[in-house]
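By convention in this document, chain letters (A, B, ...) are assigned in the order of the sequence lines, proteins followed by strands, and residues within each chain are numbered from 1. When reading the values below, keep in mind they use all heavy atoms of this one structure, side chains included, and skip hydrogens, waters and symmetry mates.
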Protein chains: 2
Amino acid sequence: MQERSTRRSNRERTQETRARLIAAARRLFVEKSYAGTGTPEIAAAAGLTRGALYHHFADKQALFQAVVDEEAERVAAEIERQADTALTPLDALIEGGNAFLQAMAAPGRTRLLLLDGPAVLGRAAMDAIDGRHGNRTLREGLAAAMRAGAIRRLPLDPLTALLAAAYDRAALAIEAGADAQAFRLTLAAMVESLG
Amino acid sequence: MQERSTRRSNRERTQETRARLIAAARRLFVEKSYAGTGTPEIAAAAGLTRGALYHHFADKQALFQAVVDEEAERVAAEIERQADTALTPLDALIEGGNAFLQAMAAPGRTRLLLLDGPAVLGRAAMDAIDGRHGNRTLREGLAAAMRAGAIRRLPLDPLTALLAAAYDRAALAIEAGADAQAFRLTLAAMVESLG
DNA sequence: TGAATTGACATACAGGCTGCATGTATGCAA
DNA sequence: TTGCATACATGCAGCCTGTATGTCAATTCA
């Protein structure tokens, strides 16, 4: 189980080992859910033993949190990469929403971020995680639209949470085979009708 | 572990035993989550053994599903009890929403129906469960409002799902200590603005 | 009504999993 | 180079789930 091919510093070793554990865990958590995946299988898939896993992570849940953190960050990055500053505030909101749905279509993301995440880590922890990432851009988009008079003034945090919930559910429904276009149109209508 | 006080038929025994298992499981699942509760503890809390539990339920998940089913039915019943047929379609929608939030404030319901439920049983199973109960009234309310011209015509199923998601998230936020009134007002504004 | 069958449980067992304690070898620092 | 910290592997204790087996009461049926 020892890597002998190249000489590396300890810091490099640690980083790569953590990355391999997170990658293996992500794959298995997506495929068989958090509860359905055991640490023996994760360690084996990473080419390590459970000893290494428990050396780098306090417990199975901490490993899961690392997986979820990374995934939320990737989703946020994909959305921001698509952001177009030339749009009106309202169109920017709707385009951001579509970018979110597209990002969430990547396999496993709904399970990690919308099903197992809240149940395993709790809603509060999930809010903290994507308050740093995903929700932040939505919140700012809504604030900008309100300043511009494009949508009516409503309490910002509740409105952000409620729209985020709607988009989350849409991502779930689309993955389950629902008509993606109908959901996108309905979401857009909901956002526009706030004007 | 034998009940000797009164003579009962087997059917009565079964019904009462199942009810005691469900009640004990509900209490523990609410207090310590699905994953954090073991079947030994459930059986003990019900004054039985695991043998009885596995005699009446295929596995731990089937017992959980029975708990969730019962809870969803109770929520739906509480909402329908408050329904007022004298209201306009729009007011009926908003009042129904408030009744939902009030019903979901009962301890444990958000955990059972909104956190553990989807993760353990899957979104599809949860949709089936409260498509029979909760969502049905929302869907009918939206259809009535559309027919009356009170809100704009949008695809009914997506709109139902998205609004239900928003209400779910509001219930979660309120339980977590958010400003309930702000959420109620924001939800009402979202619904009204569909007009 | 008496025998056979079914139903309702309790008990015992086999595997698997989690977390920790312990052991070993390697990097690093004085 | 000597000593400590770091990165792992191995082994163990306890718990949990699901199933197989045994027992006694309820029900069915001749």
- Aromatic plane relationship, Phe100(B) with Tyr167(B) - under 30° parallel, 30 to 60° tilted, over 60° perpendicular: perpendicular
Item to complete: Kindly say whether, by distance alone, the side chain of Arg50(B) makes a donor-acceptor pair under 3.5 Å with the base of dG18(D)?
Response: yes
Closest of dT27(D), dT17(D), dA8(C) to the Thr14(B) side chain is dA8(C)
To the nearest angstrom, the OH-P distance between Tyr54(B) and dT19(D) comes to 8 Å
Separation of dC8(D) atom C1' from Leu21(A) atom CG, nearest Å, is 11 Å
With the side chain defined as heavy atoms from C-beta on, Leu48(A) is closest, among dT27(D), dC8(D), dT18(C), to dC8(D)
From CG of Leu53(A) across to P of dT6(D) the rounded distance in Å is 19 Å
Problem - Residue-phosphate contact under 4.0 Å: His55(B) side-chain N/O, dA10(C) OP1/OP2 - result: no
Between Thr39(A) and dC17(C), is there a contact of a side-chain N or O with OP1 or OP2 at under 4.0 Å? no
Below 4.0 angstrom from OP1 or OP2 of dC8(D), is there any side-chain N or O of Thr17(A)? yes
To the nearest angstrom, the CZ-C1' distance between Arg18(B) and dA8(C) comes to 13 Å
If you count the non-hydrogen atoms of other residues, nucleotides and ligands that lie under 6.0 Å from CD in Gln82(A), is the total more than 12? yes
Against the side chain of Thr49(B), the closest entry in dT11(C), dT17(D), dT18(C) is dT11(C)
Whole-Å distance, Asp59(B) CG to dC16(D) P, equals 17 Å
Phosphate OP1/OP2 of dA7(D): any His56(A) side-chain N/O under 4.0 Å:
no
